[in-house]
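Each remark here refers to the structure printed beneath this line.
Keep in mind that the numbers below use all heavy atoms, side chains included, and drop hydrogens, waters and symmetry copies.
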Amino acid sequence: MLYLDNSATTPLLPEVKEAMLPYLLEEFGNPSSKYYSFAVNAKEAVENARNNVALLLGSKPEELTFTSGSTETNNMVLKGVADYYQSKGKHIITSKTEHPSVLDTCEYLERKGFEITYLDVDGYGRVSCEDLEEALREDTILVSIMWGNNELGSLNPIKTISEFCFDKGVLFHTDATQVIGKVDLNLENYPGISFLSCSAHKFHGPKGTGVAYIRRDEYGISTPITPLIHGGGQEQGIRSGTLAVHNIVGMGKAAELAYRSLQENIGKLNRLEETLRDILLEKFKTVISFNNDQEDKIPGILSVQFKGLNNEILVKKLSPVMAVSTGSACSSSKPSHVLAAIGLTIDEVRNTIRFSLSHVIDTDQLLIFYSL
Ligand SMILES: *Cc1c(COP(=O)(O)O)cnc(C)c1O
């Protein structure tokens, strides 16, 4: 079985499983308890994981809050900023191709009296800084633009957008879930990013764990927002609830491995993608075209149209030997809002298959395409 749906989720690496196991069994302590070794060990494991994720992101460890994943982090940032800064303004800017966890949260906020501007994207799914400049208002309290898109692999001009927001003094959030471990990002070089979302299971860690990056200023003061989850005051009061120590340890290990092999993994992904593109072009030359920019994008994501083919039928037919998807896993029942936003017709959307690779794939495995 060839798994080519790594934008939906990735397989857990064996080293990650090994790191997690002790925290599911003998090291079961609650990191918020005190003095005895179970608690101290659990607390140490959590802080060690936080350090490893911080290294991968180029942040300070204390800028990271563990959450249940990017859906929660996106909710936490959007609702938390909206609530905290509503007396300053009620306008938020985002884009039409965001993940549903951003778009649905924005719709919820609209019902609560906030005004949202949804920026258009170009033919490859990228927002433009000129559009952002035009949309910015006196009462804009947040800009939320994803770093890379899960269906197209398109990359937004985050450097320019974050610098623009920094100059204007507007908070900027980016959903970076799809680029972690695939793009060399170092938050030290992005002072305009106030918040960032990422999720462990998109880079070979466990499901149900992610972080919220919340910037601290030069005095160590965190950007204030209203918490989404209230309770026992864990994570400095910003996210209550007993920490999922085993998952957090898994995320830390996945981050350590992703950091250590970043350049190697990016190289492997680029080579795999080239091989896959060559095979597809050789086998299906007359019927295929690419929806995404083949130069500037997340390595390993190909959005391909097969003219005349129904993608649902094709995905089903391939399912005994290959896992691919028609779009994103989260919106499989609806036609893709992302492909609609880049101007595809409903027929072109129905012709589209997304292939998303991972560095754990062996190049030889791609030869299966020749036997289709
Ligand atoms: C997967 C994904 C999410 C959701 O992350 P979870 O941790 O599964 O909740 C959000 N945004 C993007 C871009 C994603 O790819």
Side-chain angles (χ1 to χ4, degrees), residues 70 74 77-79 81-82 85-86 88-111 113-179 183 185 187 189-197 215 290-298 301 303 327-328 331 335-345 348-349:
S70 285
N74 289 342
V77 171
L78 287 158
K79 290 174 185 168
V81 167
Y85 297 91
Q86 56 187 313
K88 230 181 119 198
K90 292 191 129 188
H91 180 237
I92 293 171
I93 301 172
T94 186
S95 84
K96 289 186 175 166
T97 54
E98 298 296 313
H99 189 266
S101 55
V102 167
L103 291 177
D104 279 14
T105 304
C106 285
E107 272 176 42
Y108 163 83
L109 290 171
E110 277 180 311
R111 291 195 295 277
F114 288 84
E115 227 186 300
I116 318 283
T117 300
Y118 300 91
L119 297 181
D120 281 316
V121 292
D122 68 12
Y124 285 138
R126 296 172 293 225
V127 303
S128 88
C129 299
E130 290 74 43
D131 287 353
L132 173 62
E133 261 185 82
E134 226 166 87
L136 195 80
R137 310 192 319 209
E138 277 296 308
D139 61 342
T140 306
I141 50 171
L142 180 69
V143 173
S144 178
I145 303 287
M146 73 198 322
W147 200 307
N149 184 268
N150 44 311
E151 292 189 45
L152 290 166
S154 48
L155 289 164
N156 276 314
I158 295 301
K159 188 91 201 161
T160 326
I161 292 175
S162 63
E163 280 167 6
F164 173 73
C165 290
F166 188 82
D167 288 344
K168 297 287 175 189
V170 176
L171 296 174
F172 174 55
H173 164 246
T174 185
D175 177 353
T177 313
Q178 286 291 334
V179 299
V183 168
L185 64 89
L187 283 170
N189 301 328
Y190 295 85
I193 296 179
S194 326
F195 310 101
L196 175 145
S197 311
R215 178 169 293 276
F290 297 97
N291 292 325
N292 47 1
D293 189 339
Q294 296 304 291
E295 301 298 320
D296 174 32
K297 63 171 186 60
I298 305 173
I301 299 181
S303 176
S328 72
S331 54
S336 158
H337 68 287
V338 174
L339 299 179
I342 61 167
L344 297 199
T345 66
E348 288 169 332
V349 172

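- With sequence neighbours left out, Ile141 forms a side chain to side chain contact (heavy atoms under 4.5 Å, CB included) with Val81, Tyr85, Lys88, Ile92, Phe114.
- Listed by first and then second residue, the ring pair (Phe, Tyr, Trp, His ring centres under 6.0 Å) pairs that reach into residues 144-165 are Trp147-Tyr190, sequence neighbours excluded.
- Take Asn156 and apply the side chain to side chain donor-acceptor pair (under 3.5 Å) test, not counting sequence neighbours, and it matches no residue.
- Listed by chain and number, the residues in a side chain to side chain donor-acceptor pair (under 3.5 Å) with Asp139 are Arg137 (sequence neighbours excluded).
- For residues 119-145, no pair satisfies ring pair (Phe, Tyr, Trp, His ring centres under 6.0 Å), with sequence neighbours left out.
- Counting only residues at least two apart or in different chains, salt bridge (charged side-chain N to carboxylate O under 4.0 Å, His left out) contacts with residues 166-179 are absent.
- By the side chain to side chain donor-acceptor pair (under 3.5 Å) test, Asn149 pairs with no residue at all, sequence neighbours left out.
- Residue pairs that meet the ring pair (Phe, Tyr, Trp, His ring centres under 6.0 Å) test with at least one member in residues 125-146, sequence neighbours left out, do not exist here.
- Remark: Arg215 pairs with no residue by the salt bridge (charged side-chain N to carboxylate O under 4.0 Å, His left out) rule, at least two apart or across chains.
- The side chain to side chain donor-acceptor pair (under 3.5 Å) check on Lys96 picks up Asp120, with sequence neighbours excluded.
- Thr117 meets the side chain to side chain contact (heavy atoms under 4.5 Å, CB included) test with His91, Ile93, Leu119, Ala135; sequence neighbours excluded.
- Applying the side chain to side chain contact (heavy atoms under 4.5 Å, CB included) criterion to Asn189, with sequence neighbours excluded, gives Lys159, Asn186.
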